[in-house]
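Just below is one structure, and these are the notes that go with it.
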2 protein chains.
Amino acid sequence: MDSIVNKVLDEIDLQILDILQKEGQVSNTEIASRVKLSPPATHARVKRLDNEGYISQRVSILNQEKLGFDLLSFIFISTNLHQAEQLEVLESALESMEEVLEFHLLTGEHDYLLKVMNKDRKELERFIRKLNKLGITRIQTSLSLREIKYSTVLPIWGQE
Amino acid sequence: MDSIVNKVLDEIDLQILDILQKEGQVSNTEIASRVKLSPPATHARVKRLDNEGYISQRVSILNQEKLGFDLLSFIFISTNLHQAEQLEVLESALESMEEVLEFHLLTGEHDYLLKVMNKDRKELERFIRKLNKLGITRIQTSLSLREIKYSTVLPIWGQE
DNA sequence: GCTGAAAGTATAAATTC
DNA sequence: GAATTTATACTTTCAGC
């Protein structure tokens, strides 16, 4: 046995979640046949998993290249802000920017990592200028030359 | 006007893609009413966008916390491998690991960034040991203390 | 791209195990 | 209590226009 998970989710629930996280489009009927349950029973489980918050959202992943997004950057930023309010302002400002795809507080003193998607260098430059106005003291930008893997799939069966 | 995009995709196509990337579950009927087209016309567009590869995949995003994934890390690795074959072996080894959610080649000499999801420190330690066996000379690990934002949505309307 | 009809799904209710 | 079967509403999808 593994963790808390198995106390509320059985094997079939995990199977369903794993199907959904890999193929969001698959029909309830199809899931039912794969987990060897009737469609209504399966549907009830999916609904339960949804209501209980195991499924955060269903989305379509668009093709970055075909839509002209050629410039993915990872930007480390540091700040010398210390008051909680100031940090909150900074965080909500960055969070609301659509080009910011991910935003993490990292270990260390007020070090953040941003994953930023832009169409081109000009847009990235504009973005970095916006950062400068927010009380950020240090900015270190790394460009992604090639995205080797991009997955939203959690390794729910563990790894060996 | 913006880019190459608008030569093959009109405003309605972009609207459809934007709806889909934010709400993968929404029905064709609903999309149709939002873009003010009939369901069949809308369906034909969605199918076209799918066939032409604008939609890479449809997925469900699961709740990390509820499934016990408490440890998200960003790992920078460097290698002194230079032969293309060796690098390919390294890349495909890392790509196939389920705990590796993202994998990017960055600017610089053979510097990669990994986004790695683990349940706990023990699993992360096991993962790092696996890295050591692959000819990686330098490993720098940053832990995410808090995920402030996580989005798969491309800013297709541009940013201001 | 639209309208209207046919096929296929999802979902609710009633029943059984 | 949970899954199944039966029945209904909805959606997708295929004609013809």
Side-chain angles (χ1 to χ4, degrees), chain A residues 1-63 66-67 152-154 156-157, chain B residues 1-2 4-63 66-68 152-154 156-157:
Chain A
M1 288 308 113
D2 229 322
S3 71
I4 275 164
V5 168
N6 298 319
K7 283 171 189 155
V8 279
L9 298 179
D10 65 14
E11 194 69 16
I12 294 177
D13 289 324
L14 290 176
Q15 276 181 265
I16 291 173
L17 287 174
D18 201 38
I19 292 168
L20 286 174
Q21 76 170 339
K22 288 169 180 163
E23 302 153 78
Q25 210 188 9
V26 72
S27 77
N28 183 62
T29 320
E30 171 66 19
I31 302 172
S33 91
R34 290 202 212 164
V35 303
K36 296 182 205 318
L37 248 70
S38 72
T42 308
H43 183 256
R45 278 170 181 266
V46 172
K47 208 174 165 186
R48 204 197 78 225
L49 291 168
D50 223 329
N51 288 336
E52 291 181 353
Y54 288 96
I55 302 164
S56 295
Q57 50 179 342
R58 292 151 189 264
V59 300
S60 296
I61 308 288
L62 304 185
N63 188 320
K66 296 208 72 157
L67 291 165
T152 56
V153 173
L154 300 178
I156 60 182
W157 303 117
Chain B
M1 288 308 111
D2 229 320
I4 274 163
V5 167
N6 299 318
K7 283 171 191 154
V8 278
L9 299 178
D10 65 15
E11 193 69 18
I12 293 178
D13 289 324
L14 290 176
Q15 276 181 263
I16 290 173
L17 288 174
D18 201 39
I19 292 169
L20 287 174
Q21 76 169 339
K22 289 170 181 162
E23 302 153 78
Q25 208 189 10
V26 73
S27 75
N28 183 63
T29 320
E30 171 67 19
I31 302 172
S33 91
R34 290 201 212 163
V35 303
K36 296 181 203 319
L37 246 71
S38 71
T42 308
H43 183 256
R45 278 170 182 263
V46 172
K47 208 173 165 185
R48 203 197 79 226
L49 292 167
D50 223 330
N51 288 337
E52 291 180 354
Y54 289 97
I55 301 165
S56 294
Q57 49 178 341
R58 292 153 190 261
V59 301
S60 296
I61 309 287
L62 304 185
N63 188 321
K66 296 208 71 157
L67 291 165
T152 57
V153 173
L154 301 178
I156 60 182
W157 303 116

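Keep in mind that the numbers below use all heavy atoms, side chains included, and drop hydrogens, waters and symmetry copies.
A 4.5 Å side-chain heavy-atom check between B:N63 and A:I55 finds every atom pair outside the cut-off. Looking at heavy atoms from C-beta onward, A:V8 lies in side-chain contact with A:Y54 at the 4.5 angstrom threshold. Between A:L37 and A:R45, some side-chain heavy-atom pair lies under the 4.5 Å cut-off. Looking at B:V59 and B:T152, their side chains never come closer than 4.5 Å, going by heavy atoms from C-beta outward.
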Which pairs would a plain distance check flag for residues 46-53 of chain A, meaning a side-chain donor or acceptor within less than 3.5 Å of a matching protein atom at least two apart in sequence or in another chain?
| from | atom 1 | to | atom 2 | distance (Å) |
| --- | --- | --- | --- | --- |
| A:R48 | NH2 | A:D13 | OD2 | 3.0 |
| A:N51 | ND2 | A:K47 | O | 3.3 |

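Interface residues of residues 16-37 of chain B facing DNA chain C, ordered by number: B:L37; criterion, heavy-atom separation under 4.0 Å.
In this structure, NZ on B:K22 lies 7.0 Å from CD1 on B:I156, to the nearest 0.5 angstrom.
For residues 28-38 of chain B, the side chain to side chain donor-acceptor pair (under 3.5 Å) pairs, not counting sequence neighbours, are B:E23-B:R34, B:E30-B:R34.
Atom pair B:R48:CZ and C:dG1:C1' shows a separation of 13 Å (rounding to whole Å applied). Distance, B:R45 CZ to D:dT12 C1': 18 Å, rounded to whole Å.
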For this session: Report the secondary structure of DNA chain D in dot-bracket form, marking unpaired bases with a dot and bases paired to a different strand with |, and treating Watson-Crick or G-U pairs with both distances under 3.5 Å as paired.
Result: |||||||||||.|||||

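Taking the side chain to side chain donor-acceptor pair (under 3.5 Å) definition, one finds that B:Q21 meets it with B:D18, sequence neighbours left out. Residues forming a side chain to side chain donor-acceptor pair (under 3.5 Å) with B:Q57 (at least two apart in sequence, or on another chain): none.
Closest of all the heavy-atom pairs between A:G24 and A:R58 is O-NH1, 4.4 Å.
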Using a cut-off of under 3.5 Å, enumerate the N/O to N/O pairs linking the protein to nucleotides 15-17 of chain D.
none

